[in-house]
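Residue numbers start from 1 in every chain, and the chains themselves are labelled A, B, ... in the order their sequence lines are given, proteins ahead of strands. Keep in mind that the numbers below use all heavy atoms, side chains included, and drop hydrogens, waters and symmetry copies.
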Amino acid sequence: MSDHLLEIKNLKITVATRRNVLNLVDNLTLAVKKGEILGLVGESGAGKSMTGSAIIGLIEKPVKISGGEIWFKGKRIDQHPDEVRGHEISMIFQDPMMSLNPLWRIGDQLIEVITTHMNISHQDAIKKAKHCLVEVGIDPSRMNAYPHTFSGGMRQRVVIALALAPNPSLVIADEPTTALDVSIQAQILDLLKQICKTRGTSIILITHDMAVISQTTDRVCVMYSGRLAEIGITKEIMAHPQHPYTKGLVASTPQIDASSFEKMLYQIPGSMPALDNIPSGCAFHPRCEHAHDKCRAERPEVLSNRAACWLLDANEGQ
Amino acid sequence: MSGNAMIRRFLKSDFFYDFTHAPIAVVSFVVIMVIVTCAIFAGFIAPTNPFDPSSLELMNGFTPPMQPNAFTGDVFLMGADDQGRDLFSAILYGLRISLFVGVMAVILAMVLGILLGLTAGYVGGWLDNLIMRFADIQMTFPSILIAMLIHGVARGILPPELRYEMSITVLIVAIGLSEWVPFARTVRGSTMVEKEKEYVAAAQLIGLNRWQIMVRHILPNVLSPVLVIATITFALAIIAEATLSFLGVGAPRTEPSLGTLIRIGQDFLFSGEWWILLFPALTLLALALAVNLFGDWLRDKLNPRLK
Amino acid sequence: MSFIIANHLTRQYDLSDPWIVRMLTSNKRKQLTAVDDVSFSIDKGTTYALVGESGSGKSTIAKMVVGLLAPSAGAITFDGKMINDETISKADRQRLRRRIQMVFQSPYASLNPRWAVGDILKEPIRAFGLFDSRADQDKRVNELLDQVGLSARDANKYPHEFSGGQRQRISIARALSSQPDVIICDEPTSALDVSVQAQVLNLLKTLQKEFSLTYLFISHDLAVVSTMANKIGVLNEGKLVEEAVPSQLFAKPENPYTKMLIDAVPDFGKV
């Protein structure tokens, strides 16, 4: 058996408008290993959240999975996501209030999740719920508190506790810290890392922030216009990005540097193409300073290289 | 942009596409258009002029639909009423009055509602309280009662010789004043959302005054729900007009609106002359239903929040 | 010479219950101090950054500096004149307004969706009476669009036809249209993607050099601030806890809150 918990093969997600069919995710292939944090990074509209929704089966009409396969623990789940949703795979959203019922005490919400997914007595469920709260750093005496009495960061901790309660093997965290202050963000990211380490839970971290990726993830998958641009070990990609887009992303992310206010930031020209206007060949070629004829004509894939870019082939050939 | 280009853009728009793919919206729109066209061109379509007493032949009274009159041999599509008036013509001319009153009353209610709602929402404070509490008080009365009250007051104030001439105007004012509250509430709500947006702050930064900001910036952004309410209020106004006329406080018997016709017809229902009531009532039903259905569709289309 | 001086700025919000409720429950008045005795000064042609987390009062200060909000206490002086002086004439007030403009956070809410871009840019030109003839105004709009990296054709388009980054450029063009001396940037890139953020930050820098603009840059992001500011003020719960030039602030922060903020910024080097 492979050490892959989740495998996505040639995933294609489309939405049909009245004029044409738009590719939200186009031929995406990736795998998540057991116990790793995989980052999905890209700008808005890159298809990263859509990928997360497809894994957990939250794709709804008119959006649909129109090609490819999703395999989880040796079972194909893209057509029957209900079997694993919430139980084997759970999700953390950007806005904690999306996952919390404002009218229920947080303890009751935890117990509800635990008894739905596990066959245990009410007494054990209470014990387990308290344990979950302790794990995310919340005093179990707050079992009877309502969500609105928590601060944003604490709410996100409650959501993490809810996501972990059924002992999932995969957690999808979609921009879990985007709505939070920087100081709280660091705490939540540390918490996710710690959970991954102690529980062996795999985490897919979806974010637009390269700095968050570099600090938190083991491997990273860079998406552009619904396609995979580059995938690999985070450290290697941060140190030596191969795809011009990844290079641009890394270089244009501001970093604390006391002298940098005198310099200009690196910037990628232009912006990501609209979904109904994706360029031919490599989707990035209009913004790429090294683009040549092949980039405009043929679409590169991630094959032997870790990046989908014709330039790498050319370099290797030389 | 030229008119042609605008039409072409509209025909290509999602709005038009959704419209053509919603059978109820298309059917109700066609019904409205047919009725409105008939009313506007009543002079050409109607066989007789029902407002002209000299054209009436008393002998034609109570002629049933599509049957020749026993004395004169005249045939009426929808029959004739007690005075020998062709009912089809009377309905077409009556529609004119009903539609005119409806449109004018909606415009009055809309202008008033937008003005008060915009002011209440933007200025806030005691003015907001004053306007909205007044609206609350008015909403505790059924709007038809308000309209009757206004009608009664107007009759008391107006000199008797003007009463007849002004009866349509009084009707419009009565209905218009009784229907402004939904406009004001909606506009106030949208205004309070819009005024917090940064484009309003940007307008304040360049020193525009309240009035300029309200009219130039906020007003265009609060209008789409107003359009929806206008359609629904239009149906309400037509029904209100019919009700008032039915109660005898609306359009005069000599220039009957749909409501007046229904009132006349009601007198003869039990003596077997059913057509005098049925045809005006069916027309009113078709019009009100079509406008309401179209308004419903428009609401779902323009303002998904209201669903 | 200090171009903008904020002197002991304080702003309180009244969060008390309505009078009648207070009478019935005998609750006291509640005051929230959003900005508490904040003083700073900005030199001409430089960027002063205010950094803080949500609720630190940074946006309230921005609003007071542009005159959208009156301070409860303290004063702001701009080029030797008091901004929040009640007694200044309408014409003087309008002259002050022209010189201080603002770029807002949301690229979506800051442009009126019903207005064409050209009209959005012309509005300040007209309000301040900068160009009288229509032809001159059109020329100025084209010039502004060019300065922010858009094309003259864009003047006839509506905001929804643009991406977030392009809208922020329009917002910057609007701020520039009155030829101001000072631009308050309230989180101008926090709603943008990284690659676009870099474009907008660079644009702001270029414009600063070209027109010798003075910026008050409000942000929650220390990394962004470090690329922009000549001087940084750190706000915590309405108080200015530390103020320093970047080299000093990042090398040896003195306040524990500043230290915590700097440590919390995810850094490429800390994998």
Within 6.0 angstrom of [X] [atom1], more than 12 heavy atoms from elsewhere:
| X | atom1 | answer |
| --- | --- | --- |
| C/Lys139 | NZ | no |
| C/Arg22 | CZ | yes |
| C/Phe131 | CZ | yes |
| C/Arg134 | CZ | no |
| C/Lys63 | NZ | no |
| C/Tyr13 | OH | yes |
| B/Phe134 | CZ | no |

Rounded to the nearest 0.5 Å, what separates atom [atom1] in [X] from atom [atom2] in [Y]?
| X | Y | atom1 | atom2 | result |
| --- | --- | --- | --- | --- |
| B/Tyr199 | C/Glu123 | OH | CD | 11.5 Å |
| C/Arg126 | B/Leu208 | CZ | CG | 11.5 Å |
| B/Ile218 | C/Asn112 | CD1 | CG | 9.0 Å |

When C/Arg97, C/Gln101, C/Arg174 are each screened for side chain to side chain contact (heavy atoms under 4.5 Å, CB included) with B/Leu205, the one that passes is C/Gln101

At a 4.5 Å cut-off on heavy atoms, which part of C/Leu68 comes close to chain B: side chain, backbone, both, or neither?
side chain

By a 4.5 Å heavy-atom criterion (distance strictly below it), what part of C/Phe128 contacts chain B: side chain, backbone, both, or neither?
side chain

Would you indicate whether the side-chain heavy atoms of C/Ser178 and B/Ile206 approach each other to under 4.5 Å?
no

Just so I know, are the side chains of B/Glu198 and C/Tyr108 near enough to count as touching, which here means a heavy-atom distance under 4.5 Å?
no

Testing the basics here: between B/Ser224 and C/Arg114, what is the closest heavy-atom pair and its distance to 0.1 Å?
OG-NH2, 4.2 Å

Greatest number of non-hydrogen atom pairs under 4.5 angstrom with chain C, of B/Arg216, B/Gln204, B/Glu194, falls to B/Arg216

